[in-house]
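Input: a single structure, listed below in structure tokens.
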Amino acid sequence: MRYFVNEFWTNAQRAGHALHEISYRACFKPQLPEFFIDRLTEPSDAVYDPFMGRGTTPIQAALMGRRVFGNDANPMSIMMTRPRLNTPELCDIESRLGEVPWDAGEPTLGDQNFGVFFHPATLCQIVALRSWLSEREEAGKFDYVDDWIRLVAMSRLTGHSPGFFSVYTLPPNQAASIESQSRINERRGQTPPKRDVKALILRKSRSLLRHVGLSYSQFDLYCCDSRNTPEIQTDSVDLVVTSPPFLD
DNA sequence: GCGGTGACATCTCCATATAG
DNA sequence: CTATATGGAGATGTCACCGC
């Protein structure tokens, strides 16, 4: 048995299951919920995070065979968590990506403001994917493969290496305004290069799924004020692991 | 005015994994 | 092995706004 004492924030403790590797404004290491889930629950017990954020606690609990309850007031949380609790096969992702009409994207004037981040051809591909996913949703065809593709696309939008859709910018857990990105481009003497959206989504998917995937049905995710979650029955949860909203 | 404050705004450096 | 990709509950600098 290995004990990590006050070592949950160091680089040495960062390695976890590949499914955790989604950037977010703030994210604790999976070893933290793992530490408590391991000691305080048994398989099939229910674990709940009322402020799940990118979903580290639900993902880790599911990996450990626990039942999962998750909640966050931010609707993006479900988009970032749900696809990783029920992962598609790589071949299904690839064939679905093949259905997207990548050349049909028509950026609006508003979209074109993001030209400081994206090459025009890349922007067209992003817009094509966005429209296609919206149409799938409206037609009631949106499934777990689409859910996965949306998550990976969101996680690839901007970053500071060629694995992202954007030109070099701040790290993916940070945000640069359009004005500040103009300054970054000028200082570095750079313009956004062409990027292959489909290829990058596939590459990140391969990385996220390089360990065993998750096919898990025992999860309930909500987008509520955590003070009022009537769907979660009294006494139905064995352990709460969370990190409440913080001020920095 | 003045010091303290802020789910701010902007940007750096380093450990680790992986490719070659 | 070396080179590159990638992720940072990070590390600082601004500046409107507050109570006094």
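So you know, we letter chains A, B, ... as the sequences are listed, proteins then strands, and number each from 1.
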Out of C:dT6, C:dG7, B:dT10, which has the shortest distance to the side chain of A:S23? C:dG7

Send over the distance from A:R187 CZ to B:dT10 P, rounded to a whole Å. 12 Å

Picking from B:dT12, B:dC11, C:dG7, which would you name as closest to the side chain of A:P171? B:dT12

To the nearest Å, how far apart are A:E186 CD and B:dT10 P? 15 Å

Any donor-acceptor N or O pair under 3.5 Å, side chains A:S205, A:W148: yes

Worked check of side chain to side chain contact (heavy atoms under 4.5 Å, CB included) between A:F164 and A:L200: CA-CA 7 Å; A:F164 295 90; A:L200 290 178; 6.0 Å; no

NA contact type, A:R188, heavy-atom cut-off 4.0 Å: base, sugar-phosphate, or nothing? nothing

Taking the six-membered ring of A:Y168, is NZ or CZ of A:R188 closer than 6.0 Å to its centre and within 45° of its axis? yes

In whole Å, what separates the P atom of B:dC14 from that of B:dT10? 24 Å

Base, sugar-phosphate, or nothing for A:R206, non-hydrogen atoms under 4.0 angstrom? nothing

Could you state the OH-C1' distance from A:Y168 to B:dC13, rounded to the nearest angstrom? 10 Å

note: A:K204, atom NZ; B:dT18, atom C1'; distance rounded to Å ~ 13 Å

Just name whichever nucleotide pairs with C:dT14, Watson-Crick or G-U, keeping both distances under 3.5 Å, else none. none

Atom CD of A:E99: over 12 foreign heavy atoms under 6.0 Å: yes

Would you indicate which nucleotide in C:dT6, B:dC11, B:dT12 comes nearest to any side-chain atom of A:F164? C:dT6

Is A:S207 touching bases, backbone alone, or none of the nucleic acid, heavy atoms closer than 4.0 Å? nothing

Of the candidate nucleotides C:dG7, C:dT6, B:dC11, which contains the atom at the shortest distance from the side chain of A:P172? C:dG7

Closest-nucleotide 5' rank along DNA chain B - winner of A:R210 and A:T169: A:T169

A:D103 atom CG, over 12 foreign heavy atoms within 6.0 Å: no

Which is more 5' along DNA chain B, the nucleotide nearest A:H211 or the one nearest A:S180? Just name the residue. A:S180

Determine the Euclidean distance between corresponding P atoms of C:dC17 and B:dA9; express it in Å to zero decimal places. 14 Å

Round to a whole Å and report the spacing from CG of A:L170 to C1' of C:dT12. 14 Å

For A:F69, is the NZ or CZ atom of A:R67 found under 6.0 angstrom from the centre of its six-membered ring and inside 45 degrees of the ring axis? no

Name the closest nucleotide to the A:H160 side chain, picking from C:dA5, B:dC13, B:dT10. B:dC13

Interatomic distance at C1', C:dT12 relative to C:dG8, whole Å: 16 Å

Taking only side-chain nitrogens and oxygens of A:S161, does any of them come within less than 4.0 Å of OP1 or OP2 of C:dT6? yes

What interatomic distance, in whole Å, is found between P of B:dA15 and the corresponding atom of C:dA11? 13 Å

Whole-Å gap separating P (B:dC8) and CG (A:N173): 13 Å

Nucleotide C:dT4, atom P - distance to CZ of A:R203 in whole Å: 15 Å

Out of C:dG8, B:dT10, C:dA5, whichever nucleotide has its closest atom nearest the side chain of A:S177: B:dT10

Whole angstrom value for the distance that separates C1' of B:dT16 from CD of A:Q31: 13 Å

